[in-house]
Amino acid sequence: MKNKPKRVPTKKILNTLAELYPDAHCELNYRNPFELLIATILSAQSTDRQVNIVTKELFQKFPTPEDFVQLTEDELAAEIRGLGLYRNKSRNILATCKILLEQYGGKVPSQRKDLEKLPGVGRKTANVVLSNAFDVPALAVDTHVHRVANRLALADSDQPLETEKQLTKRIPKKDWTLTHHRLIWHGRRVCSARNPKCHHCDLLAMCWYGKNQA
DNA sequence: AACTCGGGGCA
DNA sequence: TGCCCAGAGTT
């Protein structure tokens, strides 16, 4: 990257995103931290829509960690069929539920270091839980956010963690959750990884990547 | 840093 | 068919 991208003011980009996706919201319907945690683990490499379909029944049948640990890995795997990586997820979720029961009284811990120790929970999932369940400022950087933010020059880094730091610095805290969802929507609908639809992208005028494509 | 897990949706 | 999906763990 020889020429440093001339950065469009963050506020301007955020305002435009807000106009584009006024009602962006979290599509994962969760009723408590436990459901959020499990749904977020399940969401890895899977579409949020599929996760919603699967979790709707799942949480009806098994609302608590106590219910989950009654299941074998194979039984849980059968319950979450329809999502990718379901064997890994089944194993991780059962292990996580056991830890919740043994170490945290069946509750979801609210500290990052505790969350990231849970099997199946990494930086991104921990951030989702922290920001949505515990109202702790944490910007979850997934592949969409990372890609879109870098194309827009909201961030300038190959590494998700660095992107997270930069975004955290530049975006006002109160806007984190909504901005996160808007970047994801944009990333899925327009700013896709392989064939981004720059031609009818409403952010093209302020997008460093888009302008260098044409 | 690269590799693996992985079935389903969609063009 | 080929490509992609709200990543994490292991080597």
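Numbered from 1 within each chain, the chains take letters A, B, ... in sequence-line order.
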Would you kindly compare A:Thr125 and A:Ala193 by the position of their nearest DNA chain C nucleotide and give the one closer to the 5′ end?
-> A:Ala193
For atom [atom1], what is the distance between [N] and [M], given to the nearest Å?
N      : M     : atom1 : result
C:dA8  : B:dG8 : P     : 22 Å
B:dT4  : C:dA6 : P     : 23 Å
C:dT11 : B:dG6 : P     : 15 Å

Rounded to whole Å, please give me the gap between [atom1] in [X] and [atom2] in [N].
X        : N     : atom1 : atom2 : value
A:Ile41  : C:dG9 : CD1   : C1'   : 13 Å
A:Lys124 : C:dG7 : NZ    : P     : 5 Å
A:Trp176 : C:dA6 : CH2   : C1'   : 18 Å
A:Ile80  : C:dG7 : CD1   : C1'   : 14 Å
A:Glu116 : C:dG7 : CD    : P     : 16 Å
A:Ile38  : C:dA6 : CD1   : C1'   : 16 Å
A:Glu164 : C:dA6 : CD    : P     : 19 Å
A:Asn195 : C:dC5 : CG    : P     : 11 Å

With no hydrogens and no angle check, is any side-chain donor or acceptor of [X] less than 3.5 Å from a backbone partner on [Y]?
X        : Y        : value
A:Thr163 : A:Ala155 : no
A:Lys89  : A:Leu42  : yes
A:Ser46  : A:Ala44  : yes
A:Lys211 : A:Ala205 : yes

Below 4.0 angstrom from OP1 or OP2 of C:dA6, is there any side-chain N or O of A:Arg188?
-> yes
Considering only NZ, NE, NH1 and NH2 on the basic side and carboxylate oxygens on the acidic side, decide whether A:Arg31 and A:Glu35 come within less than 4.0 Å.
-> yes
Answer yes or no: is there an ion pair linking A:Arg188 with A:Asp48, defined by an N-O contact shorter than 4.0 Å?
-> yes
Hey, would you say the A:Phe34 and A:Phe68 ring centroids sit under 6.0 Å apart?
-> yes
Note: contacts of residues 142-151 of chain A with DNA chain C (heavy atom, under 4.0 Å) are A:Asp142, A:Thr143, A:His144
State, with a plain yes or no, whether a side-chain heavy atom of A:Tyr209 is found less than 4.5 Å away from one of A:Leu152.
-> no
Between A:Pro137 and A:Trp176, is any pair of side-chain heavy atoms under 4.5 Å apart?
-> yes
Using a 4.0 Å cut-off on protein heavy atoms (strictly under), produce a 5'-to-3' string for nucleotides 3-11 of chain B with B for base contact, S for backbone-only sugar-phosphate contact, and - for none.
-> --BBBSSS-
Sugar-phosphate only, base, or nothing, as touched by A:Leu118 at under 4.0 Å among non-hydrogen atoms | sugar-phosphate
